[in-house]
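Everything numeric in this text was worked out from a predicted model, so none of it was measured. Counting starts at 1 for both ligands and their atoms, following the listed order.
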Amino acid sequence: MARKPFTSSTREIPDVSGVPQHIAIIMDGNGRWARKRFMPRVAGHGKGVESVRAVIRGCMAKGVSHLTLFAFSSENWRRPADEVSFLMQLFMRSLQKEVDRLHENGIRFRVIGDLSRFEPSLVDMIRRAEALTARNDRLTLTIAANYGGRWDILQAVERMLAKDPERRTGFSEEDLSAELSLNYGPEPDLFIRTGGEQRISNFLLWQLAYSELYFTDTLWPDFDEKALDLAIASYQSRERRFGRTSEQLCAAEKAPNQDEVGRNPADHAQD
Ligand code: IPE
Ligand code: IPE
Ligand code: MG
């Protein structure tokens, strides 16, 4: 069953199935992949586009409904100007080339992040691609571009407050989640970071609260469908307890309709 968007995993226990509904990936290691081959760093970014295609294919084959890819962080502006400019061009060229194919494959395309620093022509292209694919429902592909988790939380707070300027207290997690830029999808079940680093780098700070984390040394340009299968297999070997004990989970599995264990004490208080 499809999970409701922005269900808060700290407030309600989500339905979890064998296949992660939402996979979020930090695609890291392009520069090192190129350097290992005595090529300029940007060659790694070019090659990384092939991995994006492979992962989209893999997600569609497995029935993953949401895939979110970190393409450019709010901190990546600190890179040399020619690398930033190459990345922008690559984004534009890839979008131009792939948008029809995304649409034909039933993919809904979305971009999250602060687009105010982007060239108007790129923003226009993004908005057109989003509009074209808005009704597709096979896979929602979200690209995080000039995205930062802290930026996202701040803009969500501002929007939440603007909705009712009189209100000062009594906000719920759901009130805030509804204003986050990824408010149309469930929280990620599986977070993958390639390239060997074990950090979140200001990605989806709010939504990763209960995601399963998977780190691999594989560099992004080497990440393919097989590597995705390994990550999913690792996910499937985990026990997602959401604060409960292992014994409670076993009991709930044996008597699925009689369990109260899934509920928050806070919810009982409202009964
Ligand atoms: C990730 O690869 C791509 C972006 C951040 C755009 P990197 O460019 O960070 O590659 P490494 O980490 O230097 O190898
Ligand atoms: C994170 O990669 C951002 C993207 C993949 C777009 P970085 O390579 O920029 O991350 P840090 O700065 O090394 O943590
Ligand atoms: Mg990196």
For ligand 1, does R35 get within less than 4.0 Å through its side chain, its backbone, both, or neither, judged by non-hydrogen atoms? neither
Any carboxylate oxygen within less than 4.0 angstrom of a Lys/Arg side-chain nitrogen, looking at R53 and E50? no
Short N-O contact, E130 and R127, less than 4.0 angstrom: yes
At a 4.0 angstrom heavy-atom cut-off, what protein residues surround ligand 2? I26, M27, D28, F70, A71, F72, S73, N76, R79, R193, R199, S201
Compare every heavy atom of F91 with every heavy atom of A145, then report the nearest pair and how far apart it is. CB-CE2, 3.9 Å
Indicate, with yes or no, if the rings of F191 and Y235 have centres closer together than 6.0 Å. no
For F70 and M27, work out which heavy atoms get closest and say how close. O-CE, 3.2 Å
Measure from the Mg ion (ligand 3) to every N/O/S atom of D28 and report the name of the nearest one. OD1
Looking only at the side chains, is there a donor atom on one of R193 and S201 sitting less than 3.5 Å from an acceptor on the other? yes
R41: numbered ligand 1 atoms lying under 4.0 Å from its heavy atoms: 7 (P), 8 (O), 10 (O), 13 (O)
Is Q248 reaching over with its side chain to a backbone N or O of T245, donor-acceptor style, under 3.5 angstrom? yes
